[in-house]
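Every chain is numbered from 1, with letters handed out A, B, ... down the list of sequences.
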Number of protein chains: 2
Amino acid sequence: MGLFTKDIKTLDDLFVHTLQDIYYAENQITKALPKMIDKATNPELKQGFETHLGETQNQIQRLEQVFQMHGHSPKAVTSPPINGIIEEANELAGDVADKEVLDAALLASAQAVEHYEITRYGTLIAWAKRLGRDDCAAVLQQNLDEEKATDEKLSSLAGSQINQRAA
Amino acid sequence: MGLFTKDIKTLDDLFVHTLQDIYYAENQITKALPKMIDKATNPELKQGFETHLGETQNQIQRLEQVFQMHGHSPKAVTSPPINGIIEEANELAGDVADKEVLDAALLASAQAVEHYEITRYGTLIAWAKRLGRDDCAAVLQQNLDEEKATDEKLSSLAGSQINQRAA
């Protein structure tokens, strides 16, 4: 069963609601990434998105594991932030004709996604620990570590050829 | 004049569009923060939001400086991601009755805002450098440094009493 914001009374409720938010976000990302892979022209960027699609599928499984460990069925609630990030990514990617400028835009959108995930996992880990659920925190930490590594790879690409060529 | 996504052809266009996006975001944050200050009960959190409101006003002035350095009038374009983050923050803050749980929710929303700003400033700095605008990059770096410092302060608060008391 989903947890509506009006039902949130305790930190445990907030934890479950935010778990449902990031579960929705990760699922939306598995739908958005194939389109980004199609549009990307830089081979390293395309490969990076492909790797991250595989990681995202594993991250969804880890989230399902956390739901179960915490006595809940996996459930998504709409996440307005991730919808906004994907909406903006589509707007930009749909309108930029130059392939290298498009790559720069796709990369920036992917980093916005990563940072949303990084902040949510950071919050969830802090709350899991406060709730005495170090076991849940440890699983969530694996997702956080992957997101941070992906963001670093994207930053490194951003600093190198993609943006250089677009200028 | 605003730059619509359909007008984006070069990295310079993308830079200006993203500058307009974060200019909108910072202005929305100056409207959202006073409500968050009102709702927060933890004195450190309240003080942190107050300090950040002052910083945000300075950051807006720095953005206006960058627009002018780069030959553009300051202009905002709607940022769907920041709208989504603020929408979710209002949903949560409007519904949580327990003051300490509310503080934890406010803190998480503030960190989502910080991470959006961190990713956008990181992107803008990379693009400014590629465009040979190290002068603009240096001004934007001041905003990025402040956002990162604010996020660290919030993380430190999140790890300490606020979440502990809410559990």
Side-chain angles (χ1 to χ4, degrees), chain A residues 4-15 17-18 21 78-89 91-98 100-101 104-105 107-108 111-120 122-124 126-127 129-132 151 155 158-159 162-167, chain B residues 4-15 17-18 21 78-89 91-98 100-101 104-105 107-108 111-120 122-124 126-127 129-132 151 155 158-159 162-167:
Chain A
F4 295 100
T5 53
K6 66 180 171 52
D7 300 322
I8 294 171
K9 293 184 176 61
T10 65
L11 186 63
D12 197 292
D13 297 337
L14 201 54
F15 174 74
H17 179 81
T18 305
D21 175 293
T78 301
S79 165
I82 203 73
N83 282 352
I85 292 168
I86 292 174
E87 179 191 332
E88 185 170 71
E91 269 177 29
L92 284 176
D95 289 316
V96 179
D98 182 290
E100 289 173 0
V101 178
L107 197 154
Q111 286 200 284
V113 167
E114 289 314 302
H115 272 273
Y116 183 68
E117 297 182 318
I118 287 168
T119 188
R120 286 302 178 214
T123 291
L124 282 167
W127 290 346
K129 287 179 180 169
R130 291 287 88 73
L131 292 165
D151 182 56
S155 285
I162 291 181
N163 290 320
Q164 217 141 19
R165 285 191 310 200
Chain B
F4 294 101
T5 54
K6 67 179 170 51
D7 299 321
I8 295 172
K9 292 183 177 63
T10 65
L11 187 64
D12 197 292
D13 297 337
L14 201 55
F15 174 74
H17 179 82
T18 304
D21 174 292
T78 301
S79 165
I82 204 73
N83 283 352
I85 292 168
I86 293 173
E87 179 190 333
E88 186 170 70
E91 269 178 28
L92 285 176
D95 289 317
V96 179
D98 181 289
E100 291 174 359
V101 178
L107 198 155
Q111 286 201 282
V113 167
E114 289 314 301
H115 272 274
Y116 183 68
E117 298 181 319
I118 287 168
T119 189
R120 287 301 179 217
T123 291
L124 283 166
W127 290 346
K129 288 180 181 171
R130 291 287 88 75
L131 293 166
D151 182 56
S155 285
I162 290 181
N163 290 320
Q164 217 141 21
R165 284 191 309 199

Point to revise | Considering all heavy atoms, the nearest Ala158(B)-Ala126(A) contact | key: O-CB, 4.5 Å
Check your understanding: How far apart are the closest heavy atoms of Gly84(A) and Pro80(B), and which atoms are they?
Key -> O-CB, 3.4 Å
Practice item. Could you pull out the closest heavy-atom pair between Ala105(B) and Leu14(A), with the gap in Å? Key: N-CD2, 3.8 Å
**Study point:** Portion of Ser155(B) that has a non-hydrogen atom of chain A nearer than 4.5 angstrom
**Key:** neither
Revision key, fill the gap. Tested for side chain to side chain donor-acceptor pair (under 3.5 Å) against His115(A), the lone hit among His115(B), Arg120(B), Glu117(B), Glu114(B) is His115(B)
Check your understanding: Where on Asp151(A) is there a heavy atom nearer than 4.5 Å to chain B: the side chain, the backbone, both, or neither?
Key -> neither
Check your understanding: How many angstroms lie between CG in Asp98(B) and CG in Leu11(A), if you round to the nearest 0.5 Å?
Key -> 9.5 Å
Review point. Which heavy-atom pair separates Lys9(B) from Val101(A) by the least distance, and what is that distance?
Key: O-CG2, 3.5 Å
Check your understanding: Between atom CG of Leu107(A) and atom OG1 of Thr123(B), what is the distance when rounded to the nearest 0.5 Å?
Key -> 7.5 Å
Check your understanding: What part of Gln111(B) lies closer than 4.5 angstrom to a heavy atom of chain A: side chain, backbone, both or neither?
Key -> both
Study note, to complete from the structure: Of the listed Asn83(A), Ile82(A), Asp21(A), the one with the largest count of heavy-atom pairs under 4.5 Å with chain B is Asp21(A)
Review point. Side chain, backbone, both or neither: which part of Ser79(A) has a non-hydrogen atom closer than 4.5 Å to chain B?
Key: both
**Study point:** Point-to-point distance, once rounded to the nearest 0.5 Å, from OG1 of Thr119(B) to OH of Tyr116(A)
**Key:** 14.0 Å
